[in-house]
Colleague: 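Okay, handing you the structure first.
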Amino acid sequence: MIAIIDYGAGNLQSVKKALDYLGCESVITNNKEVIESVSHVILPGVGSFGDAMDSIRERGLEEVIKNAASGEKKFLGICLGLQLLFEESEESPGVKGLGIFKGSIVKIPENPGLKVPHMGWNSVDIKQADGIFKDIKNDSYFYFVHSYYLKDAKKNIVAACADYGVNIQCAVQKGKVCATQFHPEKSGEIGLKLLKNFTED
């Protein structure tokens with residue numbers, strides 16, 4: 001069973017629909033007991049870093065999410081769900097993130113010919129060819145929508161990077177805990193393959 005965490009700010013239905021397509025049993029929930037009982041947890045996210053952390057804390061979900069991302073369960077953060085795993089973001093100064101990993105969440109710089117937000121398909125340079133990227137070809141294309149990105153994460157957790165005027169650390173992976181800046185549920189067959197890898201491990 002996969003728990004898709006509902007904290008009031010997430011692209012929940014499209015994630016659920018993708019899992020349904022793969023034949024994976026999942027539930028959208030903010031129930032702590034359910035989240036604690038399942039083997040796989042997904043933290044989706046759209047919107048701002050500060051609003052998301054406020055919503056998580058208002059619902060009393062911070063500790064249960066931290067526990068889910070402690071390494072005992074399979075855990076996948078998607079888009080903002082990746083950024084929330086870090087300590088803070090330029091988007092919301094003074095707001096503490098979940099602090100699972102160390103790294104900087106910063107705004108994509110203005111660049112001639114490149115619009116912000118970074119929206120659309122981009123190729124991904126895979127650094128860890130196992131886990132969620134098992135049997136996925138390097139330079140495969142995934143779908144992105146974001147204005148802030150991860151940089152300066154520890155090299156051993158960076159699973160993939162993308163170029164958009166700057167080097168975007170677009171996926172992290174450490175043991176059972178992983179996250180992607182791109183949206184696998186919106187990335188066609190290759191995104192479904194990534195989700196399938198997550199569910200099968």
Side-chain angles (χ1 to χ4, degrees), residues 9-11 14-15 42-54 56 69 75-134 136-175 177-191 193-195 197-198:
N11 193 20
S14 60
V15 175
I42 295 178
L43 180 68
V46 294
S48 81
F49 187 95
D51 288 347
M53 285 307 306
D54 286 347
I56 285 169
F75 185 97
L76 174 64
I78 296 175
C79 195
L80 182 61
L82 173 144
Q83 297 179 15
L84 296 174
L85 296 179
F86 291 82
E87 296 167 306
E88 57 188 2
S89 171
E90 277 187 358
E91 183 176 20
S92 305
V95 176
K96 289 186 177 180
L98 296 168
I100 303 299
F101 297 125
K102 292 185 181 297
S104 303
I105 306 297
V106 298
K107 188 168 177 59
I108 298 172
E110 296 294 333
N111 204 309
L114 297 177
K115 293 181 180 179
V116 178
H118 171 209
M119 184 181 298
W121 296 86
N122 201 342
S123 62
V124 165
D125 181 14
I126 297 170
K127 306 295 185 183
Q128 294 185 26
D130 59 357
I132 57 173
F133 288 105
K134 182 182 177 183
I136 293 177
K137 290 182 180 179
N138 194 32
D139 296 326
S140 291
Y141 279 75
F142 291 88
Y143 190 80
F144 289 79
V145 185
H146 64 120
S147 298
Y148 292 80
Y149 74 102
L150 170 64
K151 64 178 287 190
D152 299 331
K154 290 186 176 180
K155 190 174 181 180
N156 67 320
I157 72 165
V158 176
C161 295
D163 181 71
Y164 194 71
V166 289
N167 181 55
I168 293 169
Q169 294 175 334
C170 66
V172 295
Q173 186 166 252
K174 183 179 180 182
V177 181
C178 52
T180 63
Q181 181 62 65
F182 52 80
H183 286 271
E185 79 282 6
K186 296 181 179 179
S187 297
E189 288 187 14
I190 205 73
K193 171 60 178 167
L194 186 146
L195 287 173
N197 286 340
F198 168 71

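Just the heavy atoms: all of them, side chains too, but no hydrogens, waters or symmetry mates, feed the values below.
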Colleague: Are side-chain heavy atoms of Lys96 and Met53 found at a separation under 4.5 Å?
Modeller: no
Colleague: Rounded to the nearest 0.5 Å, what separation is found between the NZ atom of Lys127 and the SG atom of Cys170?
Modeller: 10.0 Å
Colleague: Can you tell me if Lys107 has over 12 outside heavy atoms packed within less than 6.0 Å of its NZ?
Modeller: yes
Colleague: Would you call Pro184 and Ile78 a side-chain contact if the rule is heavy atoms closer than 4.5 Å?
Modeller: yes
Colleague: Tell me, do Pro109 and Tyr149 make a side-chain contact under 4.5 Å, heavy atoms counted?
Modeller: yes
Colleague: For His146, is there any backbone N or O sitting under 3.5 Å from a side-chain donor or acceptor partner on Gln181?
Modeller: no
Colleague: Checking Gln173 side chain against Ile132 main chain: does a donor-acceptor pair fall under 3.5 Å?
Modeller: yes
Colleague: Any side-chain heavy atom of Val124 sitting closer than 4.5 Å to one from Ile136?
Modeller: no
Colleague: To the nearest 0.5 Å, how far apart are CG in Leu43 and CG in Leu85?
Modeller: 6.5 Å
Colleague: Can you tell if the side chain of Val106 reaches within under 4.5 Å of the side chain of Tyr148, non-hydrogen atoms only?
Modeller: no
Colleague: Show me the donor-acceptor pairs within less than 3.5 Å that the side chains of residues 155-162 make with the rest of the protein, sequence neighbours left out.
Modeller:
none

Colleague: So, do Leu80 and Val46 sit near enough that their side-chain heavy atoms are less than 4.5 Å apart?
Modeller: no
Colleague: For Phe86, enumerate each residue passing the ring pair (Phe, Tyr, Trp, His ring centres under 6.0 Å) test, keeping only those at least two apart in sequence or located in another chain.
Modeller: Phe101
Colleague: Quick one: pull up CD1 in Ile100 and CG in Leu84 and give me the separation to the nearest 0.5 Å.
Modeller: 10.5 Å
Colleague: Using modelled atom types and a 3.5 Å cut-off, is there a donor and acceptor pairing between side-chain atoms of Asp152 and backbone atoms of Ser104?
Modeller: no
Colleague: To the nearest 0.5 Å, what is the distance between CG on Leu76 and SG on Cys178?
Modeller: 4.5 Å
Colleague: Nearest 0.5 Å, what's the CG-OH distance between Asn122 and Tyr143?
Modeller: 12.0 Å
Colleague: Keeping His183 on the side-chain end and Glu185 on the backbone end, is there a donor-acceptor pair under 3.5 Å?
Modeller: no
Colleague: When you check the gap from the basic side-chain N to the acidic O, do Lys137 and Asp139 get nearer than 4.0 Å?
Modeller: no
Colleague: Does any non-hydrogen side-chain atom of Asn197 lie less than 4.5 Å from one of Phe133?
Modeller: no
Colleague: Verify, without hydrogens or angle tests, whether Gln169 (side chain) and Ala153 (backbone) share a donor-acceptor contact under 3.5 angstrom.
Modeller: yes
Colleague: Please confirm whether the ring centroid of Phe144 lies under 6.0 Å from the ring centroid of Phe182.
Modeller: yes
Colleague: Taking the side chain as C-beta and beyond, is there a heavy-atom pair between Asp125 and Asp163 under 4.5 Å?
Modeller: no
Colleague: To the closest 0.5 Å, what do you measure between CZ (Phe49) and CD (Gln83)?
Modeller: 7.5 Å
Colleague: Short question: side chain of Tyr141, backbone of Ser187 - any donor-acceptor pair under 3.5 Å?
Modeller: no
Colleague: As a quick check of understanding, evaluate side chain to side chain contact (heavy atoms under 4.5 Å, CB included) for Ile168 and Val166, giving each step before the final call.
Modeller: CA-CA 6 Å; Ile168 293 169; Val166 289; 4.1 Å; yes
Colleague: Minimum heavy-atom separation for Ser92 to Gly50, with atom names?
Modeller: OG-N, 2.8 Å
Colleague: Please check if atom NZ in Lys174 has more than 12 non-hydrogen atoms from other residues, nucleotides or ligands closer than 6.0 Å.
Modeller: no
Colleague: Within a reach of under 6.0 Å around CD of Glu88, are more than 12 heavy atoms found that belong to other residues, nucleotides or ligands?
Modeller: no
Colleague: Anything under 30° is parallel, anything over 60° is perpendicular, the rest tilted; go ahead and classify Tyr164 against His118.
Modeller: parallel
